[in-house]
Structures are given as structure tokens and as C-alpha cells.
Peer 1: 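One structure, as C-alpha cells, below. Some questions next.
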Amino acid sequence: MKNIQMVDLKKQYAAIKEEVDKAISEVIDSTQFIGGPVIQNFQNALEDYLGAKHVIPCANGTDALQIALMSLGLKTGDEVITPSFTFIATTEVIALLGLKPVFVDVDPDSFCIDPDKIEAAISERTKAIVPVHLYGQAANMDRIMQIAQKHGLKVIEDNAQAIGCDYTHADGSISKTGTIGDIGCTSFFPSKNLGCYGDGGAICTNDDELAHQMRKIANHGMEVRYYHDMVGCNSRLDAIQAAVLGVKLPRLDNYCDARRKAADYYDVAFADVPQIKTPYRDPKSKHVFHQYTIQLEGVDRDELNRFLAEKGVPSMIYYPVPAHKQKMFAAFNCEDQELPVTDWLTTRVLSLPMHTELETEELNYICESIKAFLVKS
Ligand SMILES: *Cc1c(COP(=O)(O)O)cnc(C)c1O
């Protein structure tokens with residue numbers, strides 16, 4: 001079998017090469033590499049796509065989260081509730097700003113923060129909740145927003161893995177993930193569902209005042225040129241990245257469909273395999289499958305991972321060590337915190353190749369390879 005990729009950016013580029021090359025060379029010809037109409041156009045297009053009042057492009061998804069937290073005016077030691085089962089950026093920025101991450105366990109089906117466990121983690125110092133729409137499926141935003149409202153907390157959605165996901169509220173209305181909380185943050189890292197050709201990120205909000213603050217923070221705390229009102233940072237999306245994103249954004253829904261189609265194939269292939277639990281599909285959330293992550297029962301996951309590598313099938317463990325067990329958080333003494341679902345999931349999840357160009361032949365080979373291992377073991 002030819003080279004199967006976890007994420008096949010080459011094949012995707014080949015399909016849009018002409019448009020992308022043209023958009024990039026227009027930026028180079030203009031020499032307007034920072035700021036300018038290409039950024040503005042992408043910002044407007046993303047606002048329209050998301051149905052968000054304000055989009056603030058920035059340098060990457062980690063900065064997006066950092067700037068969002070900075071805009072809330074929190075004080076050292078204030079607490080932010082977040083899952084431990086996530087990419088480290090979500091929790092790292094909390095600690096970086098002198099805030100305290102308070103880890104809450106996740107739901108074993110959705111992999112997202114368990115709303116039933118949030119209230120027990122709220123203290124007098126709790127100021128915000130940062131849910132993560134992990135692997136491309138929304139956290140239970142209706143419940144999270146209810147809890148936040150009741151306790152006067154801000155909500156920052158980490159939407160880095162779920163851009164394009166539709167969330168259906170209890171009243172039947174639909175929102176894009178990232179636009180439900182006070183602020184939504186996303187990443188355009190190349191392998192994300194809407195990836196650029198370098199680093200990029202964006203923040204969105206419907207709140208005029210927060211938008212104003214975040215634009216300032218991302219620009220050295222500056223509103224009037226060379227007058228700096230607050231300590232900010234420097235975080236920009238550059239024009240070449242915006243040009244690539246401008247070509248890809250109109251295709252995002254098709255990309256999500258292609259991912260769902262691959263996910264459907266896996267679902268069917270593993271439907272009668274007792275050792276594999278396929279991803280839960282929450283009827284409230286239209287999964288965009290940033291990852292297709294199975295849970296293995298009674299199988300040596302790490303051995304399967306190695307076996308597949310030998311067969312030319314990449315697979316990844318997202319994430320082998322949850323945040324609360326990372327050395328970087330030793331000062332919070334959270335290593336022994338009981339997060340049973342999180343700890344259990346880290347031993348049994350395995351993500352399979354997932355991208356927009358997966359062919360039936362490849363999917364078949366991946367599934368047959370996995371089944372071959374299960375028969376053998
Ligand atoms: C990728 C990712 C980020 C960070 O994005 P970068 O652009 O790499 O900084 C944050 N949170 C989650 C859940 C991610 O998957």
C-alpha cells in the first residue's frame with residue numbers, strides 16, 4: 001500500500017494548487033506582508049462563516065487562548081476550569097498568566113469536559129471555564145453556559161479542533177462552535193481542519209468591548225500608534241497565511257464532509273468488532289472529525305500502534321499524558337488528582353489517519369490491518 005498519511009497535506013494542496021499559488025504570489029507582488037486587504041477580507045469572510053460579530057486574526061491558536069484570557073482582566077491566582085484531557089496549549093496559557101488551572105474530568109463518550117463535574121470545582125476564585133471541543137465534536141455548551149451564567153463566569157471555547165462544527169441548542173437553534181461562549185479561539189496550524197501553510201490563529205466574539213480589548217492586546221496594548229495603554233503582546237496573522245486561508249475557507253464545509261465520510265467508513269468497518277469502541281456521535285453536535293479516535297478494550301494499544309506502523313499505517317495517541325500529570329504543573333500539586341475518566345482514556349485511545357483525501361482503498365487497508373492485529377492477539 002502506498003504512503004498513507006495521518007494528515008495528507010500534499011494531496012489536498014495538489015487539488016487547490018493553482019488558486020493557492022496565485023493568492024500567495026499576489027501577496028508577494030503587493031509586498032504587503034503584514035496587515036492590509038488580504039487579512040481584512042479573510043477576517044470578514046470568517047465572521048460571515050461563523051456568524052460572529054468580531055474575528056481577530058492572530059499568530060496561532062495558543063496566542064488566541066492567551067489573548068482571550070488576558071482580556072478578562074483576571075488577577076494572579078484566579079482559577080480557570082478546564083479539562084486535563086486536551087492539547088497542552090489550553091492549560092499552559094492559564095499557568096503562564098499566573099492563573100490556576102483547575103482540572104475537571106471529561107465525559108467518557110464525548111471526550112469533552114463533563115458538565116456534571118464542573119460545579120464541584122467552582123470556588124470563590126473561579127473566574128472562567130475553558131471547554132475544549134476535542135477531536136472536532138462540541139462540548140455540552142448548553143449546560144456549560146447555564147453553569148457559567150449561574151456563577152458569573154466567563155466562557156472561552158477552545159475551538160482549535162472543531163472549526164466548522166454546528167451545535168444545536170436545546171431550543172433547536174444552531175450555532176457554530178466558538179461563537180457560543182464569550183470568546184472562541186481557533187488555530188490554523190497546517191494539520192487543523194482549516195489549516196494554513198505555517199502558523200495562524202483567530203479569536204472571535206460577539207462582545208464589542210472584549211473585541212476592542214483583544215485587538216489592543218494583540219497589538220502591544222496599543223490603540224493610538226506608539227501609545228501603549230497596557231502590557232499586551234505581538235500576535236498577527238500574516239498576509240500569506242491569510243491568502244491561503246482565503247482559498248480554503250470556502251471549502252471548509254466540503255472538507256468537513258470528506259472527514260465525516262471517512263469516519264462513516266471506519267464506523268461501519270468496526271461496527272462488529274467488540275474490542276473497538278468507535279467515536280460517539282452526539283446528536284447535538286455535527287462532528288467535524290479533526291481526529292477519528294477509537295477506544296480499545298482488552299487490546300495492547302501500544303503494540304497495535306507499533307504493528308500498524310510496520311504495516312505503513314500511522315496512528316497517534318492523543319494524548320498519552322494528561323495535563324494534570326505533566327511536570328510543568330508540578331507547582332499546582334495536581335498530579336495525584338483523581339480524574340478517573342481522563343486517566344482511563346489516556347490508556348485506551350488511538351487516533352487513526354484522518355484527512356480530506358482518504359481513499360476507499362486506503363481506508364480498507366487501514367481497517368484490514370487493524371483487524372489482522374486483533375485476530376492475531
Ligand atoms: C492545536 C491546538 C491548540 C494550539 O494551536 P497552535 O496554533 O498550535 O498554537 C490549542 N488547543 C487545542 C485543543 C489544539 O488542538
Side-chain angles (χ1 to χ4, degrees), residues 7 9 27 33-36 38-50 52-72 80 82 86-94 96-97 128 130-136 155-165 176-207 210-221 232-249 252 255 288 290-291:
V7 179
L9 294 175
V27 172
F33 299 113
I34 301 289
V38 178
I39 313 275
Q40 187 64 49
N41 290 344
F42 171 66
Q43 179 186 310
N44 296 345
L46 190 57
E47 283 167 355
D48 286 348
Y49 176 82
L50 293 172
K53 199 162 172 201
H54 305 280
V55 162
I56 299 138
C58 63
N60 56 66
T62 309
D63 276 10
L65 289 160
Q66 182 186 322
I67 293 161
L69 278 170
M70 286 170 81
S71 77
L72 301 183
V80 178
T82 180
T86 177
F87 178 57
I88 200 66
T90 319
T91 56
E92 183 183 34
V93 293
I94 297 170
L96 183 72
L97 294 173
V130 183
V132 181
H133 306 310
L134 202 72
Y135 304 149
V155 174
I156 299 174
E157 298 173 70
D158 183 340
N159 196 32
Q161 300 190 359
I163 191 163
C165 175
K176 290 277 180 210
T177 53
T179 68
I180 304 164
D182 298 277
I183 304 173
C185 299
T186 201
S187 163
F188 305 125
F189 185 80
S191 64
K192 296 283 156 83
N193 285 26
L194 179 61
C196 58
Y197 290 1
D199 273 309
I203 312 162
C204 71
T205 184
N206 292 319
D207 183 316
L210 284 176
H212 180 74
Q213 285 291 97
M214 291 192 288
R215 279 188 206 289
K216 253 168 92 163
I217 291 167
N219 188 26
H220 300 291
C233 58
N234 169 30
S235 189
R236 299 183 281 240
L237 180 73
D238 69 68
I240 288 181
Q241 301 312 330
V244 173
L245 291 165
V247 173
K248 290 181 71 174
L249 178 60
L252 177 56
Y255 288 156
V288 293
H290 176 59
Q291 300 296 343

Peer 1: Closest heavy-atom contact between P190 and G198?
Peer 2: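 Scanning both residues completely, I find the closest heavy atoms to be CD-O, 3.1 Å.
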Peer 1: Start with the C-alpha distance between F42 and F188, add both sets of side-chain angles, then the distance that settles ring pair (Phe, Tyr, Trp, His ring centres under 6.0 Å), and finish with yes or no.
Peer 2: CA-CA 13 Å; F42 171 66; F188 305 125; 5.6 Å; yes
Peer 1: With a 4.5 Å cut-off on side-chain heavy atoms, are M214 and I183 touching?
Peer 2: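 Answer yes - side chains close enough.
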Peer 1: Please give me the minimum heavy-atom distance between I67 and C233, naming the atom from each residue.
Peer 2: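 So the minimum-distance heavy-atom pair works out to CG1-SG, 3.8 Å.
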Peer 1: Grab the two heavy atoms, one from V38 and one from A239, that are nearest each other, plus how far apart they are.
Peer 2: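 Reported closest heavy-atom pair: CG1-O, 3.7 Å.
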Peer 1: Just by distance, do the side chain of N60 and the backbone of G201 share a donor-acceptor pair under 3.5 Å?
Peer 2: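 Absent.
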Peer 1: So, does N206 use its side chain to make a donor-acceptor pair with the main chain of K53 at under 3.5 Å?
Peer 2: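 A pair under 3.5 Å: yes.
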Peer 1: Which residues satisfy the ring pair (Phe, Tyr, Trp, His ring centres under 6.0 Å) test with Y197, sequence neighbours excluded?
Peer 2: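 In terms of ring pair (Phe, Tyr, Trp, His ring centres under 6.0 Å), with neighbours along the sequence ignored, Y197 is linked to Y13.
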Peer 1: Within the 4.5 Å heavy-atom criterion, are V130 and T86 side-chain neighbours or not?
Peer 2: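 No, side chains not in contact.
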Peer 1: Nearest 0.5 Å, please: how far is CG in N159 from NZ in K192?
Peer 2: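 Between K192 NZ and N159 CG, I get 10.5 Å after rounding to 0.5 Å.
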Peer 1: Measuring from atom NE2 of H54 to atom OG1 of T179, what distance do you get when rounded to the nearest 0.5 angstrom?
Peer 2: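 The distance works out to 13.0 Å.
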Peer 1: Is there a side-chain contact between D207 and D182 in this structure, where contact means two heavy atoms from C-beta onward sitting under 4.5 Å apart?
Peer 2: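 Counting from C-beta outward, D207 and D182 never come under 4.5 Å.
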Peer 1: Can you find a heavy atom in the side chain of I203 that is under 4.5 Å from one in the side chain of T205?
Peer 2: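 Not touching, per the 4.5 Å side-chain cut-off.
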Peer 1: Heavy atoms only: give me the nearest L72-A128 pair and the separation to one decimal.
Peer 2: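 Taking every non-hydrogen atom into account, CD1-CB, 4.1 Å.
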Peer 1: Tell me, with the steps shown, if L69 and L96 meet side-chain contact (heavy atoms from CB on, under 4.5 Å).
Peer 2: CA-CA 11 Å; L69 278 170; L96 183 72; over 6 Å; no
Peer 1: Spell out, as yes or no, whether a donor-acceptor pair under 3.5 Å connects the side chain of K248 to the backbone of G195.
Peer 2: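 Side chain of K248 to backbone of G195, a donor-acceptor pair under 3.5 Å: yes, one is there.
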Peer 1: Between S235 and D63 (side chain of the first, backbone of the second, donor and acceptor by atom type, cut-off under 3.5 Å), is there such a pair?
Peer 2: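 Side chain of S235 to backbone of D63, a donor-acceptor pair under 3.5 Å: no, none is there.
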Peer 1: Looking only at heavy atoms, what is the nearest atom pair of V55 and A202, with distance?
Peer 2: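 So the minimum-distance heavy-atom pair works out to CG1-CB, 4.2 Å.
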Peer 1: Can you find a heavy atom in the side chain of I34 that is under 4.5 Å from one in the side chain of R236?
Peer 2: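 Yes. Closest side-chain heavy atoms under 4.5 Å.
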Peer 1: Answer whether the closest heavy-atom distance between the side chains of I163 and V288 falls below 4.5 Å.
Peer 2: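 They are not in side-chain contact.
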Peer 1: Is any side-chain heavy atom of L97 closer than 4.5 Å to one of Q66?
Peer 2: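 Yes. Closest side-chain heavy atoms under 4.5 Å.
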Peer 1: Measuring from atom CG of L46 to atom CG of L237, what distance do you get when rounded to the nearest 0.5 angstrom?
Peer 2: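 Reported value, rounded in 0.5 Å steps: 10.0 Å.
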Peer 1: Picking from Q161, E157, H290, what satisfies side-chain hydrogen bond (donor to acceptor under 3.5 Å, both in side chains) with H133?
Peer 2: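 It is E157, the one option of Q161, E157, H290 that forms the side-chain hydrogen bond (donor to acceptor under 3.5 Å, both in side chains) with H133.
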Peer 1: Identify the two heavy atoms, one from V155 and one from P131, that lie closest to each other, and give their separation to 0.1 Å.
Peer 2: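 Closest approach of V155 to P131: CG1-CD, 3.9 Å.
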